[in-house]
Structures are given as C-alpha cells and as structure tokens.
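Side-chain atoms are counted along with the backbone in the values below, which use heavy atoms only and exclude waters and symmetry mates. What you are looking at is a predicted structure, and each value in this text was computed from that prediction instead of being measured. First the proteins, then the strands, lettered A, B, ... as listed; each starts at 1.
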There are 2 protein chains.
Amino acid sequence: MSDAQRDKGRRVTVKDLARDLGMSVSTVSRAFYPDAVVASETRRLVLERAAALGYRPNPFAQSLITKKTQIVGMVVADLTNPFYPEVMTEMTAMLQEAGMNVMLAAANQPEKIDDAVDLLLTYQPDLVIVLAANMASHAREKCERAGAPCIFFNRLSADGLGFGVTCDNEAGGRLAADHLIDNGHKHLAYVSAFPGASTNVERHRGFCTQAVERGFAPPAVIEAGRFSYEAGYAAGLEAASAGRPLDGVFCANDIVAIGFIAGVQESGRFRVPDDISVVGFDDITMAGWPTHLLTTVAQPLDGMMAATVSLARELAVDRRQDPHILRLPPGRLIERNTTRRRDGGIA
Amino acid sequence: MSDAQRDKGRRVTVKDLARDLGMSVSTVSRAFYPDAVVASETRRLVLERAAALGYRPNPFAQSLITKKTQIVGMVVADLTNPFYPEVMTEMTAMLQEAGMNVMLAAANQPEKIDDAVDLLLTYQPDLVIVLAANMASHAREKCERAGAPCIFFNRLSADGLGFGVTCDNEAGGRLAADHLIDNGHKHLAYVSAFPGASTNVERHRGFCTQAVERGFAPPAVIEAGRFSYEAGYAAGLEAASAGRPLDGVFCANDIVAIGFIAGVQESGRFRVPDDISVVGFDDITMAGWPTHLLTTVAQPLDGMMAATVSLARELAVDRRQDPHILRLPPGRLIERNTTRRRDGGIA
DNA sequence: CTGAAAGCGCTTACAG
DNA sequence: CTGAAAGCGCTTACAG
C-alpha cells in the first residue's frame with residue numbers, strides 16, 4: 001500500500017506522487033502541462049500513477065502561482081424572469097465541462113449586489129458573467145481592476161462597455177412587427193419593460209422602425225416598467241381599460257407577455273387572441289406550455305451560450321482582449337395561439 | 001503614495017501592509033483573528049490601515065493553511081421546478097452575507113452530475129448543499145471523504161444519510177386531506193411525482209393516512225412520475241379521460257398541480273374547481289399569479305433557508321457534527337381559486 | 001505582546 | 001531532460 005493511500009483523510013499531493021514514483025516534484029508537476037518539456041515516457045508514468053492514486057492538483061496552490069483560478073463569477077439578481085435560471089444552470093454545466101467552475105454572486109436587494117461582487121472578487125475569478133443584473137458601471141470597473149473582464153449576457157452593460165453576448169433584438173422586434181402587420185393588425189403597441197435595459201430599448205426600436213417603414217404610425221407604448229409577470233399583468237389591465245384601439249401587441253419579453261395576457265383577460269373587456277394578438281420574446285419553456293401557447297420571437301439561446309462559453313475559455317487563458325459585443329441573429333418567430341389573422345391580412 | 005498603491009494592478013498583500021505599518025507579517029496577520037493575541041491598539045492600527053488600502057486576505061493562501069475555504073458547494077440538477085431557482089439565489093445571497101461563497105455544480109444530464117461534483121470537490125468546499133438533484137449515495141460519500149458534509153435541502157437523501165432540512169411533508173399532506181374533506185369532497189386522489197423523492201413519499205403518506213383516519217378509503221393514486229408541468233399535464237389529461245369519479249386532488253407539488261389543471265381543462269370533460277378541486281404544495285410565486293390562483297400548502301421557506309444557512313455556518317467551522325435531519329412544521333394551507341366547497345362540506 | 005521561521009501545495013526560472 | 005531552490009500569500013507554532 002502506498003504512502004498516499006495509507007493516509008486516509010488527506011488528499012494526494014505532488015509530493016506524495018513524486019515520492020511514490022521516485023521523481024522530483026518538479027518533474028511530476030511538469031507532466032501535467034502539455035507545453036512543459038518532459039520525456040514522454042516520464043509523462044506517461046506520472047499521469048498513469050496520478051490517475052491510479054486519484055491525484056488532483058490543488059487549484060488554490062496552483063492559482064497562487066499562475067494567477068489563474070479557473071473560476072467564473074456569475075452575477076445574478078432580479079430573477080423574476082424564468083429565462084435566467086435556465087441559462088444559469090445550463091451555462092454552468094457547459095462551463096464545468098470546459099473545466100471551469102462557477103461561483104455565484106447573488107443579492108436579494110439590488111443595492112447589495114456590490115457587496116456580493118466584492119466578496120466574489122476575493123476569489124479572483126478569471127472572468128465574470130453578468131446575467132440579468134443591472135450592474136452599475138463602477139461594479140464592472142471594479143471587476144476589471146481586479147483583473148476579471150465582464151461578459152454581459154443578453155442584456156448589455158448600460159455604458160456599452162465590457163464584453164457582450166446578445167441577439168439582434170432590433171431584428172427580433174422587426175419580426176414581431178412583420179408578423180402582426182402581415183396578419184392584418186392595424187393598432188399596434190409595444191409593452192415596455194425596464195427602460196434602462198438594452199434588450200428593452202432595442203426590441204422597441206426594431207418594432208417601431210419596421211412599423212413606420214411599412215407605413216404605420218409609430219406604435220403606442222404601454223409602460224410596464226419591469227421584466228415581470230406582475231408588471232405585465234398591471235399593464236394588461238390598464239391597456240384593456242384605456243379604451244384606446246388596440247389589436248396587436250408586442251411585449252418586451254415572454255414573462256411580461258404572459259402577465260399582460262392575464263391582465264387583459266381579467267379585465268373582461270377584451271380577449272386574446274380574439275380581440276388582441278400578443279407576441280412575446282425569448283421563447284422560455286413556459287411559453288410553450290398548453291396553458292399559454294404564446295406566440296414569440298425565440299432567442300438563439302444555444303448559440304448565445306456557446307459563444308459565451310467559448311469567449312470565457314479564451315478570456316481564462318488571456319484576459320487582454322479588446323472588449324467587443326457579439327450579436328447573434330434572432331431565432332424564428334414561433335407562431336402559437338396568442339396571435340391570429342385579422343381581416344385584411346396579407347400573410 | 002504607499003508602495004501598495006503605486007503598484008496598480010497588484011493586490012495588496014500582508015507583506016505590503018506590514019511594510020506600510022512597520023510591523024511584521026505575523027502581527028498583521030494576527031490582527032485579523034479575534035482570538036489571536038495582539039495588543040488592541042496594534043489591532044486597531046492594522047485594521048484601519050487595511051481598510052484604507054483595501055486589503056483583503058487571499059482566501060487561497062488562507063485555505064492552504066487552515067484547510068477551510070469558506071466555499072459552499074451547491075448541487076443542482078433537474079430544474080423543472082421553479083421552486084429551486086428561487087431558493088438557489090435567495091440562499092446564495094444569505095450565505096454571501098454570512099461571508100461564504102457559493103460554487104455551483106450543475107449538469108444538463110443526470111449522469112454527468114458526478115463529474116460536476118468531482119470538479120467542485122477540487123475546490124474543497126467546506127460543505128455541500130444539494131438542491132433538487134437525485135444525487136446518488138456514492139456522490140455523497142465522495143463529498144464526505146473529501147471532507148465536505150452534505151446538506152440535503154427539501155428533498156432528503158435516498159439513503160436517509162447526511163444532513164437534511166425539510167418540512168414536515170406528512171403534516172402538509174394531512175392539511176391537504178383535511179381541507180378537501182372539510183369541504184365535502186368524497187373522491188380523493190393523489191398525483192404522485194418522482195417515486196424516489198422523500199417529499200413525494202411523505203406527502204402521499206400524510207394525505208393517505210389522514211383520509212383513512214377520517215373514514216375514507218385510501219385515495220387513488222395518479223402517477224405523474226416527475227416533478228414537472230409536463231408530467232402533471234399528462235396526468236390531468238389521463239385522469240379526466242379515465243372516467244373514474246374524482247372531485248378532490250392533491251398534487252405532489254405546485255408545478256405538477258398547475259400542469260394537472262391544464263390537462264384537466266384541456267380534456268374538456270371537467271373543470272377546475274367546478275368539478276374537481278386541486279391542491280398543490282410549495283406555494284411558489286407562480287401559484288399566486290392571477291393566471292393560476294392555486295390553493296396550496298405553503299413551505300416554511302424562510303425558516304428552511306435560515307436553518308440551512310445556520311447549519312452551514314456551524315459546519316464551516318466544525319465539520320465533525322453528527323448528521324441529523326431538521327424538519328420544520330409546514331406552512332399554512334393557502335386557499336385560492338382551485339378548490340371550492342362541495343355539498344355536505346362541514347367547514 | 002511581537003517577530004523570525006517553517007510550511008501549506010503548487011509552479012517555474014535556473015543549473016546541470 | 002531532470003532536480004534543487006525560490007516563491008506565491010498566507011498562518012501558526014516557537015522563541016524571546
């Protein structure tokens with residue numbers, strides 16, 4: 001029985017492995033780095049024995065020297081949108097398959113997100129991925145000062161800085177406008193969520209632009225104010241009571257749309273889709289449930305996650321890369337039961 | 001300008017701080033440990049200067065010596081239940097407030113959860129919290145061998161080992177039975193989710209026991225098989241078509257109940273609550289939405305999370321504690337719109 | 001009460 | 001190609 005195995009509670013270290021193999025720790029260590037110069041037979045021996053003993057290098061000791069931690073910080077807040085939990089777990093799984101670990105920074109109150117990020121930075125993540133959070137600019141700067149570039153996923157940084165992975169929300173907004181217009185809708189409106197969110201602004205702009213280009217007046221704007229069911233619901237109730245003519249609505253995202261529809265139905269004055277068609281954005285799982293069957297513009301989610309993970313791998317190796325924004329084409333508009341053709345539709 | 005400040009990119013270290021203060025690193029280090037013996041004036045000076053320079057001890061260097069990492073591993077999988085994202089982020093926020101950081105282990109396929117846990121263990125978490133995952137026993141053993149006790153949240157470990165924080169699901173099942181029986185329901189059924197889940201088993205048992213004690217036959221069991229909307233939906237469709245008499249249904253949890261109701265409605269043969277009353281379990285946010293207004297047994301979520309965090313703090317200090325299970329009383333039954341009184345009700 | 005020294009588990013110049 | 005040595009940033013006996 002080897003020394004390493006005898007000592008039960010303790011992890012196997014390079015020293016154990018070196019003694020076991022009758023080599024120096026330097027040689028053993030080098031065997032784990034493909035670029036390091038070691039006799040190939042030596043390397044084979046080391047790796048074989050390491051696997052047998054269950055040796056795993058201690059990442060803390062490693063990072064003390066290499067200044068890399070293989071840790072990805074993930075900042076989340078404001079999880080009223082079911083879009084993000086899906087992304088969070090799926091992307092964590094992908095990052096773990098790439099050998100990186102995810103450390104979470106979460107806050108139950110927006111103003112505490114800064115403390116959470118501070119604590120996270122203590123562990124020197126190689127980079128930080130920001131989901132959903134309205135992270136203040138100084139938080140991003142703090143990350144970068146600590147050597148961790150930030151990738152904003154879906155929603156971009158308010159100041160436009162940092163890395164970003166998103167879809168072409170403007171093109172998505174255009175798809176929604178085309179769908180409603182092609183199906184004969186005349187009275188369009190946009191249900192706006194958080195005004196400070198790039199996603200909200202861009203979807204609105206695309207929807208508007210396309211409507212105008214196709215000869216319509218700029219669509220009315222209904223302010224929901226936040227990306228949540230409750231906000232959508234209130235907006236739906238209010239819009240139904242306002243008495244303004246309305247037959248085609250594009251909502252900032254799915255959860256707002258689902259709330260909006262409930263609000264409209266609740267009003268008892270109009271029905272979806274009989275009187276009003278509603279289009280969402282994201283295609284979250286819930287949108288496909290028989291309960292909702294929401295017509296929506298899909299996000300190119302797999303592509304966005306793949307792009308984020310691949311960018312993360314690059315940044316983990318070399319932080320010095322110019323920040324840029326990756327914008328993927330939106331997914332298709334998925335027609336379900338919350339929109340229908342009106343008289344005069346051309347589609 | 002101090003040495004530390006001049007050197008922009010680099011973090012302030014104890015050495016910097018010691019030089020700045022004209023003390024030894026030992027003394028500086030001790031100042032951060034309340035139990036260490038240092039002149040109180042010296043400690044004051046150190047802490048003051050540390051705050052000014054933004055010094056934060058490097059947790060990797062610390063953990064190399066102390067063998068504590070202040071890292072909590074959180075294992076998640078199978079996130080079809082919206083209950084868990086809420087818990088995950090809220091509990092992360094609470095743990096961060098207690099100075100601990102959360103590292104995630106996620107897998108998009110159940111069989112990969114083991115690799116994810118292995119990678120996680122590399123970072124030597126002080127303990128592991130298991131959410132939702134059907135973590136195999138050997139994974140728990142692996143954690144414990146690596147020095148990280150496991151806390152199972154909500155759903156207990158299949159082998160009953162490890163720490164656990166859950167609510168008294170059996171009492172919750174009884175509440176559901178009482179509510180339905182008090183309101184005159186005669187034909188009860190339980191919609192069963194994952195048969196291997198302690199929550200499923202216990203809720204079923206409580207519901208059954210209480211019905212029998214009150215003079216009813218053991219309620220029928222409708223197998224949904226999983227804790228998901230889709231599973232509930234299929235069960236609802238099937239139950240509505242089966243033609244068996246049915247007027248009061250208790251579902252394994254909210255998301256199953258929401259799916260079940262949609263399935264029943266879809267069948268067109270019965271309506272909720274006019275023909276069939278449905279009770280869920282959890283009181284997730286969605287249950288309170290006007291779309292659903294689900295009658296449900298609430299989880300004592302705040303209590304469960306507080307208990308978990310406090311147990312985590314204890315275990316982070318001393319791992320040697322006998323594993324035990326904390327079982328909190330269930331929350332109230334919240335009556336909403338998916339149940340109604342039938343003739344003969346006594347309530 | 002404080003400081004010099006050893007050491008946690010690694011990596012990486014530097015010799016040989 | 002390999003090994004001895006230094007060092008990453010800390011903590012903690014051990015002297016004094």
- Query: Quick one: what's the B/S/- string for nucleotides 2-8 of chain D, heavy-atom cutoff under 4.0 Å, read 5' to 3'?
  - Reply: BBBB-BB

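- Remark: Arg43(A) CZ is packed, more than 12 non-hydrogen atoms of other residues, nucleotides or ligands lying under 6.0 Å away.
- A donor-acceptor pair shorter than 3.5 Å cannot be found between the side chains of Gln96(B) and Asp115(A).
- Listed here is the closest heavy atom pair of Thr69(A) and Pro125(A): OG1-CA, 3.7 Å.
- In this structure, Gln124(B) places its CD atom 13 Å from C1' of dC10(C), rounding to the nearest Å.
- The environment of Arg327(B) atom CZ is dense: over 12 non-hydrogen atoms of other residues, nucleotides or ligands sit within 6.0 angstrom.
- Using a cutoff of 4.0 Å between basic side-chain nitrogens and carboxylate oxygens, Arg11(B) and Asp16(B) are not scored as salt-bridged.
- Legend: salt bridge (Lys or Arg N to Asp or Glu O under 4.0 Å) pairs involving residues 316-325 of chain A, not counting sequence neighbours, sorted by first then second residue: Asp126(A)-Arg319(A).
- In this structure, Arg43(B) reaches neither bases nor backbone, as no heavy-atom distance under 4.0 Å exists between it and the strands shown.
- Looking at heavy-atom distances under 4.0 Å, Tyr55(A) makes contact with sugar-phosphate atoms alone, never a base.
- In this structure, CG of Leu17(B) is placed 11 Å from P of dT11(D), rounded to the nearest angstrom.
- In DNA chain D, runs of at least 3 stacked Watson-Crick or G-U pairs (N1-N3 plus N6-O4 or O6-N4, or N1-O2 plus O6-N3, all under 3.5 Å) give these stems: C:1-3 with D:14-16, C:5-12 with D:5-12, C:14-16 with D:1-3.
- A sub-4.0 Å separation between OP1 or OP2 of dT11(C) and a side-chain N or O of Ser29(A) is present.
- Rounded to an integer number of Å, the gap from CZ of Phe32(A) to P of dC10(C) is 9 Å.
- Identified under the ring-ring contact (aromatic ring centres under 6.0 Å, His included) test for residues 14-54 of chain B, with sequence neighbours left out: Phe32(B)-Tyr55(B).
- Applying the side-chain hydrogen bond (donor to acceptor under 3.5 Å, both in side chains) rule to Lys15(B) yields no partners; only residues at least two apart in sequence or on another chain are considered.
- Atom CG of Asp35(B) is separated from atom P of dC1(C) by 14 Å (rounded to the nearest Å).
- Contacts of Tyr33(A) with the nucleic acid, taken as non-hydrogen atoms under 4.0 Å apart, involve only primed sugar atoms and P, OP1 or OP2.
- Checking the phosphate oxygens (OP1, OP2) of dT11(D), a side-chain nitrogen or oxygen of Gln62(B) falls inside 4.0 Å.
- Taking the side chain to side chain contact (heavy atoms under 4.5 Å, CB included) definition, one finds that Ser26(A) meets it with Ser24(A), Arg30(A), sequence neighbours left out.
- Rounded to whole Å, atom C1' of dC1(D) lies 16 Å from atom CG of Leu21(A).
- Put simply, CG on Asn58(A) is 7 Å from C1' on dC10(C), counting in whole angstrom units.
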